[in-house]
Amino acid sequence: MVLKADFLYFSPDSLTRLLCQRASARRETETAVTYGNSQSTGIFMFFTRAFQSFTSSCLSLSIFTTLSLSTAFAQAQQDATEDWVNATMCAVNDRAVDLSQAPSFTYTGADGNNPRYLSAAQSGLVTGDFANLELAWAVAFPATSSMRAAPVIVGSTVFYSATDSGRVFALDTTSGCAKWVYEPGTRLRSSLAYDVVDDEGVLIFSDQAGMIHSIKAASGEVNWVASGQASGNQGMLTGTPVIHEDRIIVPVSGSGVITGGNPNYECCENHGAVTALEVRSGKKIWEYHTMPAADYTGMVSATGVKQRGPSGAPIWTTPTIDAQRSQIYVTTGENTSHPTTGTSDAVIAIDLETGEELWVFQALANDMWNFGCSAGGPNCIILDDTNSVDFDFGGPAILVDAGDRELLVAGQKSGDLWALNPDTGALVWNQRVGEGTALGGNHWGITTNSERAFMTINDPGGMNGNSRPGLYSYFLGTGEPSWFYEVNSDCEGRSDRLRRCEGLYGFSAAPLTVDGAVITAGLDGRLFVFDAESGDTLFKYDTAVDFETVNGVEGYGGSIDSHAIAAGSGMVFVGSGYGSFSQVSGNVLLAFRPAE
């Protein structure tokens, strides 16, 4: 941004330089003439002091000008922010939030499970509606590259966390305008959780700094903000917190996976954890750690940097509550330094009341990986038994009724689908698609209905030798394969913004089953709906395009990833755009409804 003066444009620095240079040139000339005429030393000193005084004044002018104009620019930016937020707001008389109905969509079900399944009654949609979907509205968010979060839908309101913009919006499902906006002053991280506490609807979510926010769903007013971190540990709060009765279960994804790429970092510290907070105050009840705190191990990197461990086994995912067994199930990622632990790349059962570890199923042992491993960095120390493949569990474990028994089912970035005994963690059956990659395989989780598990496979091109991107279904009782859809790239005639379109088109986002339909989407921005029984394609839509938005913000779609797919109140909601991992940025929340 620049300052306009008549017909010229000056930045703060250039304006100050121009004034100082002209005055300085005059001072230097006067001093040179005086000295050249051999005037007295006193006269020379006079001009020298004058020049020094001027230099000081010029510096003060520079600081004053910069600060003044910076303040003006900051105010202009603030005004611009207020402009787009104000443009998003509903008319004053249309801002009431009705919470009298049961939620139509929450990331975690009311029973604490994560099946990613909605009945026709809950969603307001039947299978036949999906062939006739049309775009109802689009809302866009400036300074945004990724639409990562899942909303909460209650009646005529969709509560949405626009994480990059650092705001939670209560949007009208019919028009897309905002009934209220919550702005905590920091970027946000997780999807939203919802429950009724003391007859009041409450939304719970995390921010980028590891804090948990509790706000009133009716108004956006804050109840409390408290740390979700475990003691002696630091991590991101990526998975959605889960509200169960009088407590909130918070997953912590500490690991050092990114800082491990710094060759000067003493790799690594921090690890996965779970904290339980009081729902009314945020006070901590208990905490669980996937391993002891890291210490120096005696190992040294190739560049002589001391190493620490154990570390890693982050919990990126949303916990699952099994109230009948009084258990919490969490899934973990890889270790990030040595020694490796038995809790990495695992499904873990924790006591709901105490946080005590009950059992562990480890899908892959000795998976040690950090960002240094992607470039042969010195903190990537490979031992004889090290796998170093980064095969996290990126989605939650789902408790399912398989007829004669219950199973715990989870997908992994290795391309594996695991079914476990929830009482013991013993393996019941396993299937695998492809070879897996650090971005999936199955990246962000699976969905189930009463008969099948549906597993998305990402497999970006060039990351393995057996790429199988698509959607694969399996019968829950036996693990036998049902139908599958292997997706292919489709780049011709599409947006120039689709970087690496020939390789980035797999299904990475967590899918969703609604009645008899399965909704999924690709990293190339294509939205798909399949018949859950037959695998027939019911609907396709390209979101990697420009959109006219209800709030006037320039809108454009991109990769669909993470937890971007939701449905409820007779509509489908999709966040299009995910700029991480060199994917395609976007900034729109899209709302679809059946055509009348």
Side-chain angles (χ1 to χ4, degrees), residues 106-108 112-114 149 161 184 186 188-195 197 202-215 222-257 269-294 310-323 326-333 336 341 343-344 346-360 392-393 396-397:
T106 54
Y107 189 91
T108 301
N113 197 14
N114 290 289
S161 178
T186 183
L188 304 178
R189 181 69 178 170
S190 76
S191 299
L192 304 175
Y194 174 84
D195 205 352
V197 179
V202 173
L203 294 166
I204 303 290
F205 52 93
S206 71
D207 67 25
Q208 193 78 6
M211 305 298 285
I212 297 293
H213 297 246
S214 170
I215 65 174
V222 65
N223 293 317
W224 52 261
V225 179
S227 174
Q229 302 284 4
S231 59
N233 192 56
Q234 191 73 20
M236 291 185 288
L237 308 185
T238 302
T240 308
V242 178
I243 307 171
H244 178 73
E245 296 180 348
D246 63 347
R247 61 191 59 188
I248 302 166
I249 307 302
V250 180
V252 181
S253 50
S255 66
V257 64
E269 60 179 343
N270 298 321
H271 53 261
V274 179
T275 59
L277 310 181
E278 290 183 355
V279 73
R280 292 173 180 84
S281 66
K283 181 180 178 181
K284 189 182 296 182
I285 301 171
W286 54 254
E287 58 185 42
Y288 163 76
H289 296 258
T290 57
M291 63 192 67
S311 61
I315 302 173
W316 300 104
T317 61
T318 300
T320 291
I321 307 296
D322 183 348
S326 192
Q327 293 182 165
I328 303 169
Y329 306 111
V330 295
T331 58
T332 68
T336 51
T341 64
T343 53
S344 61
V347 181
I348 303 174
I350 303 168
D351 187 278
L352 178 60
E353 295 300 319
T354 66
E356 177 188 0
E357 183 180 288
L358 300 175
W359 56 254
V360 178
D392 303 46
F393 282 90

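The only option from T290, T331, V252, I348 that meets the side-chain contact (heavy atoms from CB on, under 4.5 Å) definition with I315 turns out to be T290.
W286 approaches L352 most closely through the heavy-atom pair NE1-O, 3.4 Å. Closest approach of A273 to N233, counting heavy atoms only: CB-ND2, 4.2 Å. Closest of all the heavy-atom pairs between T318 and P396 is O-CB, 3.1 Å. Across every non-hydrogen atom of I249 and A276, the tightest pair is CD1-CB, 4.0 Å. Closest heavy-atom contact between A293 and P310: O-CD, 4.4 Å. Taking both residues in full, the closest heavy atoms of S231 and K284 are given as N-NZ, 3.8 Å, listed atom of the first, atom of the second, then distance.
The closest side-chain heavy-atom distance from Y107 to L192 is not below 4.5 Å. A 4.5 Å side-chain heavy-atom check between I212 and P241 finds at least one atom pair inside the cut-off. The shortest distance between side-chain heavy atoms of K283 and W224 does not fall below 4.5 Å. For the pair T275/Q229, no side-chain contact is recorded, criterion being any heavy-atom separation below 4.5 Å from C-beta on. Side-chain contact check for V274 versus V330: some heavy-atom pair is nearer than 4.5 Å.
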May I have the step-by-step check of side-chain contact (heavy atoms from CB on, under 4.5 Å) for V279 and V202, ending in yes or no?
CA-CA 9 Å; V279 73; V202 173; 5.7 Å; no

Kindly indicate, with the supporting measurements, whether the criterion side-chain contact (heavy atoms from CB on, under 4.5 Å) is fulfilled by M236 and W316.
CA-CA 8 Å; M236 291 185 288; W316 300 104; 3.5 Å; yes

Would E278 and D246 count as a side-chain contact (heavy atoms from CB on, under 4.5 Å) here? Give the steps.
CA-CA 6 Å; E278 290 183 355; D246 63 347; over 6 Å; no

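In this structure, the side-chain hydrogen bond (donor to acceptor under 3.5 Å, both in side chains) partners of T354, at least two apart in sequence or on a different chain, are D351. A search for salt bridge (charged side-chain N to carboxylate O under 4.0 Å, His left out) contacts involving E353 returns R247, not counting sequence neighbours. Contacts of H289 classified as side-chain hydrogen bond (donor to acceptor under 3.5 Å, both in side chains), with partners at least two apart in sequence or in another chain: H271, E287.
Here the straight-line distance linking atom CG of L188 with atom CG of L237 works out to 11.5 Å at 0.5 Å rounding. Between the OH atom of Y329 and the OG1 atom of T317 there is a distance of 14.0 Å, given to the nearest 0.5 Å. Here the OG1-CG distance, from T320 to N113, works out to 5.5 Å after rounding to the nearest 0.5 Å. To the nearest 0.5 Å, atoms CG (D322) and CD1 (I350) are separated by 13.0 Å. Between atom CG of residue D195 and atom CD1 of residue I248 there is a gap of 9.5 Å, rounded to the nearest 0.5 Å.
A distance-only check finds no donor-acceptor pair linking the side chain of S191 to the backbone of T240 [under 3.5 Å]. Using a distance-only test at 3.5 Å, with no hydrogens or angles considered, a donor-acceptor pair links the side chain of T332 to the main chain of T343. In this structure, N270 contributes its side chain and S311 its backbone to no donor-acceptor pair below 3.5 Å. A donor-acceptor contact shorter than 3.5 Å links the side chain of S190 to the backbone of S206.
Ring planes of F205 and H213: parallel class, angle under 30° (limits at 30 and 60°).
Side-chain polar atoms of T336 and S255 form no donor-acceptor pair below 3.5 angstrom.
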